[in-house]
Amino acid sequence: MSACALVGRSRATHHRQASPKPRMHGPWPKAQHPAELSTAERAQVLEVLNRGDYANLSPTQVYVRELDEGRYWCSQRTMYRVLADAKMGGERRRQATHPPRKIPELMATKPCEVWSCYAEVLVMPTPPSAARVPMVAEAKLSA
C-alpha cells in the first residue's frame with residue numbers, strides 16, 4: 001500500500017504540491033524602453049531644470065529655451081517625469097509667505113459704540129468696582 005493511500009491524499013495532489021511549477025501570471029519586471037533616459041542623463045536634465053536662470057520657469061519654457069539655444073535633452077513630458085520622480089513636481093516659483101491673520105477684536109468703551117450679531121466677539125472693559133460687587137448684592141439693590 002502506498003503512502004498517499006495511507007494519508008488519504010491522491011498522488012497527483014502530492015506531486016503538484018511537492019514540486020510546483022513557476023507562476024505563469026504575476027509581476028513582471030518593467031521592460032526598459034530603448035529611448036528611456038539613463039540615470040546620468042536624468043541627473044543632467046534635473047541639473048538643467050534647476051539652473052539659476054531656469055529655476056522659476058516651467059519645464060515647457062525650459063524646453064523651448066534649450067531648443068532655441070540648439071540643445072535637446074528630452075521631451076517636455078520627460079522633463080515633467082524627471083521632476084516628479086525627484087519630488088519637485090509642484091510650483092517652481094518662489095511663493096510669498098503671509099503672516100497669520102489676527103482675529104479682529106471689537107472693543108466698546110461706551111454703550112451703543114459697537115454693534116455686532118456675535119456676542120462672543122464683543123469685549124467689554126469692566127470697571128474695577130463692578131468686578132468686586134457680587135451679583136446677589138446687585139439684585140438686592142434693584143429690588
Side-chain angles (χ1 to χ4, degrees), residues 2-4 6-142:
S2 72
C4 289
L6 288 173
V7 179
R9 184 175 175 181
S10 75
R11 285 186 313 168
T13 301
H14 171 71
H15 288 293
R16 188 171 49 248
Q17 291 178 352
S19 58
K21 291 181 183 176
R23 292 183 60 186
M24 292 181 64
H25 304 289
W28 301 104
K30 181 182 172 274
Q32 197 154 15
H33 193 275
E36 186 175 347
L37 295 179
S38 67
T39 308
E41 290 171 329
R42 291 175 80 84
Q44 283 180 329
V45 170
L46 194 59
E47 185 179 321
V48 168
L49 289 168
N50 289 332
R51 262 190 354 213
D53 50 341
Y54 291 155
N56 291 332
L57 301 178
S58 71
T60 304
Q61 292 170 318
V62 173
Y63 174 80
V64 170
R65 290 188 183 188
E66 285 292 305
L67 279 182
D68 287 344
E69 294 174 14
R71 291 185 295 263
Y72 177 80
W73 297 96
C74 58
S75 69
Q76 295 176 35
R77 180 66 183 113
T78 303
M79 286 185 176
Y80 279 101
R81 282 190 199 106
V82 168
L83 284 174
D85 290 344
K87 305 282 190 273
M88 299 171 64
E91 181 63 53
R92 293 173 48 83
R93 297 173 294 178
R94 287 182 35 213
Q95 299 295 308
T97 57
H98 301 287
R101 288 191 161 188
K102 185 181 175 215
I103 298 174
E105 184 178 293
L106 303 174
M107 183 72 166
T109 55
K110 57 185 179 185
C112 298
E113 188 177 45
V114 175
W115 293 88
S116 173
C117 59
Y118 300 106
E120 65 267 4
V121 179
L122 294 176
V123 177
M124 294 294 291
T126 54
S129 60
R132 292 187 200 127
V133 178
M135 297 296 277
V136 178
E138 197 172 304
K140 287 181 182 177
L141 291 175
S142 62

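What you see is a predicted model; the values in this text were computed from it and never measured.
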Query raised in the report: Between atom CD of Gln44 and atom CG of Leu49, what is the distance when rounded to the nearest 0.5 Å?
Result: 12.0 Å
Query - Set of salt bridge (Lys or Arg N to Asp or Glu O under 4.0 Å) partners for Arg101, sequence neighbours left out - result: none
Report summary line: side chain to side chain contact (heavy atoms under 4.5 Å, CB included) filter on Ala43, not counting sequence neighbours, yields none
Query raised in the report: Does some side-chain heavy atom of Tyr72 sit less than 4.5 Å from a side-chain heavy atom of Leu67?
Result: yes
Report summary line: What one should report as the nearest heavy-atom pair of Cys4 and Ser10 is SG-O, 4.3 Å
Query - Check against side chain to side chain contact (heavy atoms under 4.5 Å, CB included), Val7 and His14 - result: CA-CA 10 Å; Val7 179; His14 171 71; over 6 Å; no
Query raised in the report: To the nearest 0.5 Å, what is the distance between NZ (Lys30) and CD (Glu36)?
Result: 3.5 Å
Report task. Measure the spacing between OG of Ser58 and OH of Tyr80 and express it to the nearest 0.5 Å. Result -> 4.5 Å
**Report entry** Within 6.0 angstrom of Arg11 CZ, more than 12 heavy atoms from elsewhere
**Finding:** no
Requested in this report: Measure across Trp73 and Leu37 and return the closest heavy-atom pair with its distance rounded to 0.1 Å.
Outcome: O-CD2, 4.4 Å
**Report entry** Side-chain touch Val45/Thr78, heavy atoms, less than 4.5 angstrom
**Finding:** no
Requested in this report: Mark yes when over 12 heavy atoms from residues, nucleotides or ligands other than Glu47 sit less than 6.0 Å from its CD; otherwise mark no.
Outcome: no
**Report entry** Arg42 side chain reached by Asp85 side chain, heavy atoms, under 4.5 Å
**Finding:** yes
Query - Met79 to Cys74 - nearest heavy-atom pair and separation - result: CG-SG, 3.6 Å
Query - Verdict with supporting geometry, Arg65 and Asp53, side chain to side chain contact (heavy atoms under 4.5 Å, CB included) - result: CA-CA 11 Å; Arg65 290 188 183 188; Asp53 50 341; over 6 Å; no
